[in-house]
Amino acid sequence: MNLLFALVDCNNFYVSCERLFRPDLAGRPIVVLSNNDGCVVSRSAEAKALGVPMGAPWFRVKAQFERAGGVAFSSNYALYADISARVMSVLEQLAPRVEVYSIDEAFADLSGIQAPAALGAHVRATVQRWTGITVGVGVAPSKTLAKLANYAAKRWPATGGVVDLTCPQRRQRLLQRVPVDEVWGIGLRLARRLRGLGIHTAGQLAQANAKVMRRHFSVVMERTICELNGESCLALHQLPEPKRQIISSRSFGGRVSEWQPLREAVSQYAGRAAEKLREQKQYCRLVRVAVRTSPFAMNEPFYGNSAMAELPLPTDDSRELVQAACHCLLHIWRPGLVYQKAAVMLTDFWPPGSFQPGLFEVHESKPRSRALMQVMDRINRSGKGRVFLAAEGTRQGWQMKRAFLSPAYTTRIGDLPRVY
DNA sequence: GCTATTATAGGGCGTTCC
DNA sequence: CCGCGGAACGCCCTATAA
């Protein structure tokens with residue numbers, strides 16, 4: 001049976017989520033900013049028309065954007081995650097096998113479906129009606145081509161938001177028109193190198209010799225070329241792979257120089273990473289902490305460093321992980337610098353009960369650790385308040401900026417939208 | 001004066017083991 | 001006992017994506 005994939009992608013997802021609850025903003029340019037209100041990460045069509053680039057630092061575009069009547073929002077992940085879950089649950093009702101690929105995208109396996117384009121249109125209309133979110137649908141015999149079909153569905157409104165590339169002639173026509181950097185897996189650097197070889201379009205890349213290109217680039221490039229020719233190399237993964245790495249990384253709302261606030265921030269990040277680790281039902285043995293000053297401050301020297309600690313036994317206890325993280329920080333903190341960002345990384349994961357300690361090693365895990373962590377997690381999930389380790393401090397002047405945060409309309413009872 | 005976060009794959013290279 | 005060569009692994013870096 002011939003394989004067939006669909007890629008369903010939400011249009012301007014974060015902006016669309018904000019718009020659901022602000023119909024008064026129809027027609028206005030809207031952007032959503034990254035953490036710390038740093039960069040533009042989602043733009044409405046009006047904001048794109050104003051020429052606001054993706055990833056633009058907010059402080060650079062702010063004045064002009066607001067003069068043009070634009071409205072900015074801070075990232076509201078509680079809202080986006082909830083809307084995303086609703087969209088995905090609609091997809092799972094309409095398609096037999098779905099892979100949630102990111103917060104705003106999903107692949108579906110449509111192999112054996114009689115009228116895939118009609119199903120695509122049905123999915124689009126249903127998601128629109130049930131969630132208010134507009135999606136584009138691309139259908140093709142490989143994931144990379146489905147991505148490309150989705151690009152076409154968004155790029156050309158005449159498609160009605162659904163493009164089916166099952167027909168090889170249609171596929172060829174599209175490939176010739178799409179610049180090579182729009183191909184999934186081809187970023188800035190690879191596109192530059194490809195153009196150096198005279199490859200400017202997706203069609204030209206599809207015609208390159210896969211084996212030769214593997215030698216010049218990598219196995220990823222080889223697969224991309226095969227996929228562009230309709231030969232599926234990337235399977236649908238319905239079940240997410242267990243994570244192999246957990247990172248909690250954040251820029252500070254203000255600059256941090258002193259040991260104490262830096263230690264508190266790193267403690268909070270380690271505590272958050274530990275929570276994520278417990279969600280995954282994993283234990284970890286390696287903790288790495290990284291700090292850096294701003295790479296953009298030309299008048300200060302740049303400093304960036306990281307240190308790693310190995311725990312005697314894999315753990316998921318916040319107290320042990322925070323302690324290990326602070327131990328790392330001690331080795332890399334230098335006085336007299338202005339830090340901009342810190343990160344805590346957990347790696348070397350072990351499923352419960354799988355770790356075999358050395359025969360003569362005697363290491364006790366903390367008593368009642370399990371019960372304590374469960375209580376902490378339960379309280380913090382209840383929405384009634386938050387408990388945390390004192391190591392995080394209570395002043396928290398480094399907390400991230402979110403000046404334009406919208407209410408948690410769908411996840412906090414006090415923030416429910418009111419209709420008068 | 002303000003420039004995001006999180007995750008993965010793969011390559012290169014040095015070390016260790018056999 | 002020594003050296004060679006390949007496998008396996010650790011570590012760091014690059015590239016990519018959303």
Side-chain angles (χ1 to χ4, degrees), chain A residues 7-15 31-43 52-63 72 74-75 77 80-81 84 100-107 143-144 147 150-151 181-194 214-224 233-234 237 240-255 269 272-273 276-277 280 285-286 288 290 292-300 302 304-308 310 338 340-349 400-404:
Chain A
L7 191 260
V8 182
D9 186 320
C10 303
N11 295 359
N12 317 332
F13 183 57
Y14 294 176
V15 162
V31 296
V32 171
L33 305 176
S34 63
N35 274 352
N36 235 358
D37 296 339
C39 296
V40 172
V41 293
S42 180
R43 304 161 298 158
V52 178
M54 185 62 172
W58 173 234
F59 74 91
R60 279 209 201 131
V61 298
K62 179 179 180 129
S74 304
S75 282
Y77 286 108
Y80 313 150
S84 171
V100 176
Y101 178 70
S102 73
I103 194 161
D104 75 333
E105 278 178 284
F107 287 101
K143 282 183 163 181
T144 305
K147 274 268 194 187
N150 187 278
Y151 164 83
D181 58 311
E182 294 294 343
V183 174
W184 192 33
I186 306 296
L188 199 72
R189 310 295 178 98
L190 289 174
R192 205 182 298 154
R193 283 177 63 192
L194 287 171
R214 175 181 183 147
R215 267 189 279 120
H216 288 309
F217 294 86
S218 76
V219 60
V220 181
M221 179 67 78
E222 181 188 22
R223 284 200 283 256
T224 298
C233 306
L234 305 170
H237 297 287
E241 295 287 305
K243 285 199 198 339
R244 303 153 68 92
Q245 171 177 250
I246 286 172
I247 300 181
S248 177
S249 151
R250 202 137 301 169
S251 310
F252 305 128
R255 294 295 178 252
Y269 298 2
R272 176 66 192 125
K276 295 191 209 173
L277 184 66
Q280 297 277 315
R285 208 164 63 123
L286 292 181
R288 177 180 292 275
R292 64 162 210 213
T293 62
S294 170
F296 303 100
M298 289 308 159
N299 47 353
E300 299 164 22
F302 177 77
N305 204 351
S306 77
M308 200 174 69
E310 182 180 322
V338 185
Q340 184 240 8
K341 184 180 188 174
V344 174
M345 284 157 270
L346 308 182
T347 52
D348 193 16
F349 291 175
M400 70 168 158
K401 272 188 290 193
R402 295 213 275 179
F404 318 110

Task: Between CZ on residue Arg402(A) and OG on residue Ser34(A), distance to nearest 0.5 Å - done: 11.5 Å
Open item on the list: Roughly how many Å apart are dC2(B) and dA17(C), using the P atom of each and rounding to a whole number?
Closed with: 30 Å
Task: dT3(B) to dA18(C) separation - P atoms, rounded to the nearest Å - done: 25 Å
TODO: Could you please name the partner base of dC9(C), counting Watson-Crick and G-U wobble pairs only when both distances are under 3.5 Å?
DONE: dG14(B)
TODO: Taking only the side-chain heavy atoms of Phe59(A) (C-beta and beyond), determine which of dC2(B), dT8(B), dG11(B) contains the nearest atom.
DONE: dC2(B)
Open item on the list: Nearest to the side chain of Cys39(A), heavy atoms from C-beta on, is which of dT5(B), dA7(B), dT3(B)?
Closed with: dT3(B)
Open item on the list: Assuming nearest nucleotide by heavy-atom distance, tell me which of Val219(A) and Val41(A) is located more 5' along DNA chain B.
Closed with: Val41(A)
Task: Selection from dG11(B), dA9(B), dA4(B) that lies nearest to any side-chain heavy atom of Phe296(A) - done: dA4(B)
Open item on the list: Quick check on contacts: within residues 181-188 of chain A, what sits under 4.0 Å from DNA chain B by heavy-atom distance?
Closed with: none
- [ ] Specify the separation, in whole Å, of atom CE of Met54(A) and atom C1' of dT3(B).
- [x] 14 Å
- [ ] Tell me which nucleotide among dG11(B), dA4(B), dA7(B) gets nearest to the side chain of Ile247(A).
- [x] dA7(B)
Open item on the list: Using the rule given for side-chain hydrogen bond (donor to acceptor under 3.5 Å, both in side chains), can you reason through Ser74(A) versus Asp37(A), listing the C-alpha separation, both sets of side-chain angles and the distance that settles it, and then say yes or no?
Closed with: CA-CA 6 Å; Ser74(A) 304; Asp37(A) 296 339; 2.8 Å; yes
Task: Check: Met400(A) and Phe252(A) side chains under 4.5 Å, non-hydrogen atoms - done: no
Open item on the list: Regarding Tyr101(A), tell me which of base, sugar-phosphate or nothing describes its non-hydrogen contacts under 4.0 Å with the strands shown.
Closed with: sugar-phosphate
Open item on the list: Could you tell me how far apart Lys341(A) (NZ) and dC2(B) (C1') are, to the nearest whole angstrom?
Closed with: 15 Å
Task: Nearest to side-chain heavy atoms of Arg255(A), which nucleotide of dG11(B), dC2(B), dT6(B) - done: dC2(B)
Task: Contact nearer the 5' end of DNA chain B, comparing Phe217(A) with Asp37(A) - done: Asp37(A)
Task: Any Gln340(A) side-chain nitrogen or oxygen under 4.0 Å from OP1 or OP2 of dT3(B) - done: yes
Open item on the list: Side chains of Arg272(A) and Ser248(A): any donor to acceptor distance under 3.5 Å?
Closed with: no
TODO: Could you tell me whether the phosphate oxygens of dT5(B), OP1 or OP2, come under 4.0 Å of any side-chain nitrogen or oxygen in Ser251(A)?
DONE: yes
Task: OP1 or OP2 of dT6(B) under 4.0 Å from side-chain N/O of Lys243(A) - done: no
Task: Distance in angstrom units between Lys401(A) NZ and dC2(B) P, rounded - done: 8 Å
- [ ] Flag the pair Thr293(A) / Val338(A) as yes when at least one side-chain heavy-atom distance between them is below 4.5 Å, and no otherwise.
- [x] no
- [ ] Can you figure out which of dT8(B), dA7(B), dT3(B) approaches the side chain of Gln245(A) most closely?
- [x] dT8(B)
Open item on the list: Is the shortest side-chain heavy-atom distance between Leu194(A) and Met221(A) below 4.5 Å?
Closed with: yes
Task: Euclidean distance, Gln340(A) CD relative to Arg292(A) CZ, rounded to 0.5 Å - done: 4.5 Å
Open item on the list: Tell me whether the NZ or CZ atom of Lys143(A) lies within the 45° cone about the ring axis of Phe107(A) and under 6.0 Å from its centre.
Closed with: yes
Open item on the list: Considering every strand and a 4.0 Å limit on heavy-atom distances, what is the contact class for Ser75(A): base, sugar-phosphate, or nothing?
Closed with: nothing
- [ ] Pick base, sugar-phosphate or nothing for Arg192(A), based on heavy-atom distances below 4.0 Å to the nucleic acid.
- [x] nothing
Open item on the list: I need the CG-C1' distance between Leu346(A) and dT5(B), as an integer number of Å.
Closed with: 15 Å
Task: Arg250(A) CZ to dA4(B) P, straight-line distance once rounded to whole Å - done: 13 Å
TODO: Just call it for Glu105(A): base, sugar-phosphate, or nothing, with non-hydrogen atoms closer than 4.0 Å on any strand.
DONE: sugar-phosphate
Open item on the list: Please classify the nucleic acid contact of Ile103(A) as base, sugar-phosphate, or nothing, using heavy-atom distances under 4.0 Å.
Closed with: nothing
Task: Single hit among Thr224(A), Leu7(A), Leu234(A), Asn150(A) for side-chain contact (heavy atoms from CB on, under 4.5 Å) with Trp184(A) - done: Leu234(A)
- [ ] Select one nucleotide: of dT6(B), dG10(B), dA4(B), the one nearest the side-chain heavy atoms of Arg292(A).
- [x] dA4(B)
Task: Rounded distance (Å) that lies between atom P of dT8(B) and atom CZ of Phe349(A) - done: 8 Å
- [ ] Describe the nucleic acid contact of Arg60(A) in one word from base, sugar-phosphate, nothing, applying a heavy-atom distance below 4.0 Å.
- [x] base
TODO: Give Asn35(A) one of three labels, base, sugar-phosphate or nothing, depending on what nucleic acid heavy atoms sit under 4.0 Å from its own.
DONE: sugar-phosphate
Open item on the list: Considering every strand and a 4.0 Å limit on heavy-atom distances, what is the contact class for Leu33(A): base, sugar-phosphate, or nothing?
Closed with: nothing
Task: Phosphate OP1/OP2 of dT6(B): any Ser249(A) side-chain N/O under 4.0 Å - done: yes
Open item on the list: Measure CZ/Arg189(A) against C1'/dG10(B) and give the value in whole Å, please.
Closed with: 16 Å
Open item on the list: Could you measure the distance from the CZ atom of Phe296(A) to the CZ atom of Phe302(A)? Nearest 0.5 Å is fine.
Closed with: 10.0 Å
Task: Boundaries of the DNA chain C segment in contact with chain A, non-hydrogen, under 4.0 Å - done: dC12(C) to dA18(C)
Open item on the list: Looking at Arg223(A), I'd like to know whether one of its side-chain N or O atoms comes within less than 4.0 Å of OP1 or OP2 on dG10(B).
Closed with: yes
Open item on the list: Base, sugar-phosphate or nothing for Asp104(A)? Non-hydrogen atoms, less than 4.0 Å.
Closed with: sugar-phosphate
Open item on the list: How many whole angstroms separate atom CZ of Arg215(A) from atom C1' of dG10(B)?
Closed with: 18 Å
Task: Side-chain touch Val183(A)/Lys147(A), heavy atoms, less than 4.5 angstrom - done: no
TODO: Could you please name the partner base of dT3(B), counting Watson-Crick and G-U wobble pairs only when both distances are under 3.5 Å?
DONE: none
- [ ] Measure the spacing between CD1 of Ile103(A) and OH of Tyr80(A) and express it to the nearest 0.5 Å.
- [x] 9.0 Å
Task: Value rounded to 0.5 Å, distance of OG1 in Thr347(A) from CE in Met308(A) - done: 7.0 Å
